[in-house]
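Each remark here refers to the structure printed beneath this line.
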Amino acid sequence: MMLVILGTFLGIIFGPSLFILVPYIRNYFAGAICKSKAKLNGKVVLITGANTGIGKETARDLAKRGARVILACRDAAKGEVAACEIRAETGNQQVIMKKLDLADTKSIRQFAENFLAEEKELHILINNAGVMLHPYAKTVDGFEMHLGVNYLGHFLLTFLLLERLKQSAPARIVNVSSLAHLVGRIRFHDLQGEKFYQRGLAYCQSKVANVHFTRELARRLQGTGVTVNALHPGTVQSELTRYSSVVSLLWKMFSFFLKTPQEGAQTSIYCAVAEELESVTGQYFRCGVCTVLMCCGYIKRAPNPPLTAYISQQINTLYMNLGSPIHQNL
Ligand SMILES: NC(=O)C1=CN([C@@H]2O[C@H](COP(=O)(O)OP(=O)(O)OC[C@H]3O[C@@H](n4cnc5c(N)ncnc54)[C@H](OP(=O)(O)O)[C@@H]3O)[C@@H](O)[C@H]2O)C=CC1
Ligand SMILES: CC1=C(/C=C/C(C)=C/C=C/C(C)=C/C=O)C(C)(C)CCC1
């Protein structure tokens, strides 16, 4: 009885103030907004996985800024719908869809060949596409799906377009990684997860590879005018959870605390356009809740650069040994 009275009393006192606080709490979880007013007329932008989620919202924003935006999508029909929508909304007719399947190195090579033939410049490359919690599967070339799509596919794409980026300098590469990289480990002894597979860990492994790649590439691109940074977009309501009904349900239940795709695109947009990042390279950006967790010491910092360079070298060697031509000469 006492508890009911106490509960009612607290409800009356704090209920209205909680109600007033709701928009502030929501704003906090929405994270920061990119405030840059930079215009991108005459600039060429390429975004992978741009038919939905964070990629689509990034494309929409950069199209509004006047860029020629190429949406690289694995499903041409879905990609064309997104491109049409962005063209109609922004009035920018330079929004173009091209087919790219990052799970197939033939498709990546074909895409790059066409791109280099058609586009004389590339100023911003956003490696955004990704899969999470994928049941065990291999890409066309036999790589574990998370590693193959999230990391190796983007590695090959970047490698094939690198000269065009250098010719177009100042240019930027933006790698969409994840907070998940902090718990990721590269399992050198079983990279393809053939001995042991846990889909969450496979995702984390691919995302830590994105960060190592970013740091090592930044080191190798010093003095070229091409910068490369990685980021965590926040926890975003998107189709990323499609392979797990449990996580999809959790995401729906906690949707109040999750970013919308537009909010989730802000860190990518910031890395792509912010004037103050002109010569910033090899960094990892994030905003939102994880910052608090990090400050509280619950999340440790990413591995340091020398270790990163070492691991990156090891990955390269391993893949070359596996007969994959994609790590050569970078
Ligand atoms: N949402 C979140 O909370 C977080 C997302 N991220 C990262 O953000 C990025 C964007 O994710 P998000 O927008 O949330 O997820 P979505 O699932 O909404 O979008 C992923 C995009 O990647 C594309 N894609 C998947 N596989 C391939 C492939 N083989 N070839 C080409 N494109 C492919 C998808 O195409 P299709 O629609 O045809 O499948 C889709 O366009 C990912 O790298 C993700 O890891 C990082 C941290 C948190
Ligand atoms: C603490 C906390 C949350 C945190 C979720 C996190 C930290 C999700 C991370 C997702 C990643 C890393 C996805 C893909 O890369 C929720 C669910 C918002 C609910 C409110 C409390």
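The first residue of the sequence shown is numbered 1, and numbering continues consecutively from there. Whatever order the structure lists them in is the order used to number ligands and atoms, beginning at 1.
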Under 4.0 Å from one or more heavy atoms of Thr235, ligand 1 contributes atoms 3 (O)

Ranking Thr235, Val183, Leu240, Val247 by closest non-hydrogen atom to atom 9 (C) of ligand 2, top hit is Thr235

So for Leu100 against ligand 1, with non-hydrogen atoms under 4.0 Å, the contacting part is backbone

Open item on the list: Checking the N or O distance criterion of under 3.5 Å, is ligand 1 in contact with Asp75?
Closed with: no

| said: I'd like to check whether Arg74 has a polar contact with ligand 1, where a contact means an N/O of the residue lying under 3.5 Å from an N/O of the ligand. | reply: yes

The side chain to side chain contact (heavy atoms under 4.5 Å, CB included) partner of His154 among Ile108, Ile173, Thr48 is Thr48

Salt bridge check, Glu194 against Lys138: does any charged N sit closer than 4.0 Å to a carboxylate O? yes

Minimal heavy-atom distance between Ile47 and Val45, with the atoms involved, is CG1-CG1, 3.8 Å

- Close N or O approach (Tyr203, ligand 2; < 3.5 Å): yes

Note: Lys56, heavy atoms under 4.0 Å from ligand 1, region reported as neither

For the backbone of Lys106 and the side chain of Arg109, can you confirm whether one donor and one acceptor N or O come within less than 3.5 Å of each other?
no

Between Arg68 and Glu121, is the closest basic N to carboxylate O distance under 4.0 Å? no

Filtering Gly130, Ala76, Ser268, Ser206 for the heavy atom nearest atom 20 (C) of ligand 1 leaves Gly130

#### Entry: Ring centres under 6.0 angstrom apart (His181, Tyr284)
yes

Closest to atom 46 (C) of ligand 1 among protein heavy atoms sits Ser177 O, 3.2 Å

Any heavy atom of Phe29 under 4.0 Å from ligand 2? The part involved is neither

Heavy-atom proximity to atom 1 (N) of ligand 1 ranks first, among Val236, Thr267, Thr241, for Val236

Checking heavy atoms under 4.0 Å, the part of Met132 that sits near ligand 2 is side chain

Counting from 1 in the order shown, the ligand 2 atoms closer than 4.0 Å to a non-hydrogen atom of Ser178 are 12 (C), 14 (C), 15 (O)

Within 4.0 Å of some non-hydrogen atom of Ala103, the atoms of ligand 1 are 29 (N)

Thr52 heavy atoms within 4.0 Å reach ligand 1 at atoms 18 (O), 19 (O), 37 (O), 40 (C), 41 (O)

Ala129 heavy atoms within 4.0 Å reach ligand 1 at atoms 22 (O), 23 (C), 24 (N), 32 (N), 33 (C), 43 (O)

query: Within the structure, does Leu179 bring an N/O atom to less than 3.5 angstrom of an N/O atom in ligand 1?
result: no

Per-atom filter on ligand 1: closer than 4.0 angstrom to a heavy atom of Val131 are 25 (C), 26 (N)

Taking only non-hydrogen atoms of His232 and a 4.0 Å limit, the atoms of ligand 1 in range are 47 (C), 48 (C)

task = Please confirm whether Phe159 and Phe155 have ring centers closer than 6.0 angstrom.
result = no

Logged contact type for Leu258 with ligand 2, heavy-atom cut-off 4.0 Å, is side chain

**Message:** Are any of the N/O atoms on Asn51, whether in the backbone or the side chain, positioned under 3.5 angstrom from an N/O atom of ligand 1?
**Reply:** yes

Residues Lys195 and His189: closest non-hydrogen pair is NZ-O, 3.3 Å

By salt bridge (Lys or Arg N to Asp or Glu O under 4.0 Å), Glu89 pairs with (sequence neighbours left out) Arg60, Lys64

Going by the 4.0 angstrom heavy-atom rule, the piece of Val149 near ligand 1 is side chain

For Asp101, the atoms of ligand 1 under 4.0 Å from one of its heavy atoms are 28 (C), 29 (N), 30 (N)

### Query
Is any NZ, NE, NH1 or NH2 atom of the basic residue among Glu80 and Arg87 found under 4.0 Å from an Asp or Glu carboxylate oxygen of the other?
yes

among protein heavy atoms, the one nearest atom 43 (O) of ligand 1 is Asn128 O, 2.7 Å

Practice problem: Using distance alone, determine whether Cys73 and ligand 1 share an N or O pair under 3.5 Å. | Solution: no

Note: heavy atom closest to atom 48 (C) of ligand 1, options Ser178, Pro261, Gly234, Gly55, belongs to Gly234

Ligand 1 atoms nearer than 4.0 angstrom to some heavy atom of Ser238 are 1 (N), 12 (P), 14 (O), 15 (O), 18 (O)

Honestly, for Met132 the part within reach of ligand 1 (heavy atoms, under 4.0 Å) is neither

N/O of Ile54 under 3.5 Å from N/O of ligand 1, yes or no? yes

- May I ask you to check whether Lys207 has an N/O atom sitting below 3.5 Å from an N/O atom of ligand 1? yes

